[in-house]
Amino acid sequence: MQFIYSGITSGSIFALVALGFNIIYNTTGIINFAQGEFVMIGGMLIYTLLSIYGLPFLIAAPLALMAALILGAIFERVFIKSVRSPNEIKLITITIAASIILRGLGMVIWGRNSLSVDAYVPYKILELPAGTLTSNSLLVIIVSLITAFSLSLFFKRSSLGKAFRACYDDKIAAGICGVDVSKIRMLAFAIAALLGVIAGIVTTPITYVTYTDGIMTGLKGFAAAILGGLGSFWGGVAGGLLLGIFEGFFASVFPSGYKDAFAFLVILAVLFLRPKGLFGKKKAERL
């Protein structure tokens with residue numbers, strides 16, 4: 001049970017990153033391999049606002065989230081929209097290059113040292129059946145679930161969310177019906193960046209943040225998206241939680257140094273055995 005509790009905590013972060021992958025994939029059809037870097041940026045931003053400028057958390061967190069939306073929109077306009085004759089391979093390659101640029105900027109701005117912030121809530125140990133959970137871990141789980149439910153309501157109930165879904169189904173038809181596809185694509189990157197920064201904010205008190213954290217976090221989020229079904233909203237959530245739990249059990253059997261390799265094993269297994277993922281569905285197309 002303790003492995004499950006720990007796995008749910010880390011899996012909640014993977015789920016947020018997976019949601020970012022799915023939102024961009026559903027809107028543009030590409031994989032944004034710079035998604036993990038926004039988790040690093042989120043941790044660095046909250047450290048800067050709290051530890052350097054001394055702002056209270058209730059002011060620092062909204063500022064970091066606003067910065068995430070702006071950075072995501074700028075990322076799309078600079079690295080995606082400006083591409084001439086875009087295709088999937090070219091755009092995916094650009095996101096990989098962009099992730100390297102963001103990582104380099106993180107090193108230049110914040111340095112190579114590990115950074116951390118004080119806990120946002122008083123530290124307590126919650127006694128659960130056959131295990132424990134800290135208040136910081138519980139905060140991570142709650143924030144991730146609230147974020148997932150809020151996004152679900154946004155995409156299902158709001159007119160803007162329906163525009164996102166229309167772009168996923170048919171971009172040309174959505175444009176004919178008056179949907180600004182270019183704007184929706186920019187907002188998709190902004191929301192994905194927001195999810196990454198949220199993940200970075202809630203995990204920074206638990207783990208130290210460094211400029212290289214985005215690499216592995218992004219790959220694990222991608223593995224979660226593949227496991228749940230690339231493009232599936234709740235599949236990404238389930239994939240993240242399952243990956244976190246399985247990774248915890250994997251670390252209990254094999255040396256902890258091999259734990260990060262489990263995400264790659266998941267990607268290979270899913271691609272070989274079930275390419276659509278556990279909850280992914282084939283998209284019907286009219287020929």
Side-chain angles (χ1 to χ4, degrees), residues 1-22 35-36 38-40 42-43 46-47 57 61 64 114-152 194-210 213-228 233-263 265-266 278:
M1 291 301 299
Q2 186 60 54
F3 289 122
I4 292 177
Y5 298 145
S6 300
I8 291 176
T9 302
S10 57
S12 298
I13 301 303
F14 302 156
L16 286 177
V17 181
L19 287 177
F21 277 106
N22 286 336
Q35 183 63 26
F38 287 101
V39 181
M40 177 270 294
I46 200 66
Y47 166 81
F57 177 76
S114 298
L115 308 174
S116 66
V117 298
D118 296 331
Y120 309 132
V121 294
Y123 182 82
K124 293 183 179 179
I125 297 178
L126 307 177
E127 296 292 339
L128 298 174
T132 61
L133 196 65
T134 65
S135 55
N136 290 328
S137 297
L138 183 61
L139 178 65
V140 171
I141 297 171
I142 292 174
V143 169
S144 299
L145 290 178
I146 291 176
T147 303
F149 278 110
S150 299
L151 282 175
S152 179
L194 178 69
L195 293 173
V197 168
I198 290 174
I201 290 174
V202 296
T203 55
T204 301
I206 300 176
T207 60
Y208 293 102
V209 58
T210 63
D213 285 350
I215 304 174
M216 194 54 63
T217 304
L219 289 174
K220 290 183 180 180
F222 178 58
I226 293 292
L227 176 61
F233 184 87
W234 287 109
V237 176
L241 295 176
L242 287 174
L243 179 63
I245 294 171
F246 292 156
E247 187 182 71
F249 282 110
F250 186 86
S252 69
V253 177
F254 298 96
S256 59
Y258 294 99
K259 182 182 69 171
D260 292 335
F262 183 74
L265 296 177
V266 168
L278 297 178

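For reference, positions follow the sequence shown, starting with 1.
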Roughly how far apart are L219 CG and F14 CZ, rounded to 0.5 Å?
11.0 Å

Do N136 and V121 pass the side chain to side chain contact (heavy atoms under 4.5 Å, CB included) test, and can you show the C-alpha distance, the side-chain angles, and the key distance before you say yes or no?
CA-CA 7 Å; N136 290 328; V121 294; 3.7 Å; yes

May I have the list of side-chain donor-acceptor pairs in residues 140-150 shorter than 3.5 Å, sequence neighbours left out?
from	atom 1	to	atom 2	distance (Å)
S144	OG	S12	O	3.4
S144	OG	V140	O	2.9
T147	OG1	V143	O	2.7
S150	OG	I146	O	2.8

Between S10 and G7, is there a donor-acceptor pair closer than 3.5 Å when you use the side chain of the first and the backbone of the second?
yes

For residues 213-223, which residue pairs qualify under side chain to side chain donor-acceptor pair (under 3.5 Å), counting only residues two or more places apart or in two chains?
T210-D213, K220-E247, K220-D260

Over all atoms of both residues, closest heavy-atom pair of I4 and I245:
O-CG1, 4.1 Å

Look up atom OG1 in T203 and atom CE in M40, then write down how far apart they are to the nearest 0.5 Å.
12.0 Å

Checking side chain to side chain contact (heavy atoms under 4.5 Å, CB included) for the pair I201/F57: CA distance, chi angles, key distance, verdict?
CA-CA 10 Å; I201 290 174; F57 177 76; 4.2 Å; yes

Quick one: does V209's side chain get under 4.5 Å of V39's, heavy atoms only?
no

What I'd like to find out is whether the side chain of I13 reaches to under 4.5 Å of the side chain of V202, using heavy atoms alone.
yes

Would you call the rings of F250 and F262 parallel, tilted or perpendicular, where under 30° means parallel and over 60° means perpendicular?
tilted

Go through T9 and L138 one step at a time and tell me if the side chain to side chain contact (heavy atoms under 4.5 Å, CB included) criterion holds.
CA-CA 7 Å; T9 302; L138 183 61; over 6 Å; no

Would you mind reporting whether L126 and T134 have side-chain heavy atoms less than 4.5 Å apart?
no

Distance-minimising heavy-atom pair for A223 and V266:
O-CG1, 4.2 Å

Decide yes or no on side chain to side chain contact (heavy atoms under 4.5 Å, CB included) for S152 and W234, but give the supporting numbers first.
CA-CA 9 Å; S152 179; W234 287 109; 3.6 Å; yes

Got a sec, which residues hit side chain to side chain donor-acceptor pair (under 3.5 Å) with N22, two or more places apart in sequence or on another chain?
none

Please find the pair of heavy atoms, one from A224 and one from A18, that lie closest to each other, and give the distance.
CB-CB, 3.9 Å

Quick one: closest heavy-atom pair of S135 and P122, and the distance?
OG-O, 2.8 Å

Going by heavy atoms in the side chains, are Y5 and T132 under 4.5 Å from each other?
no

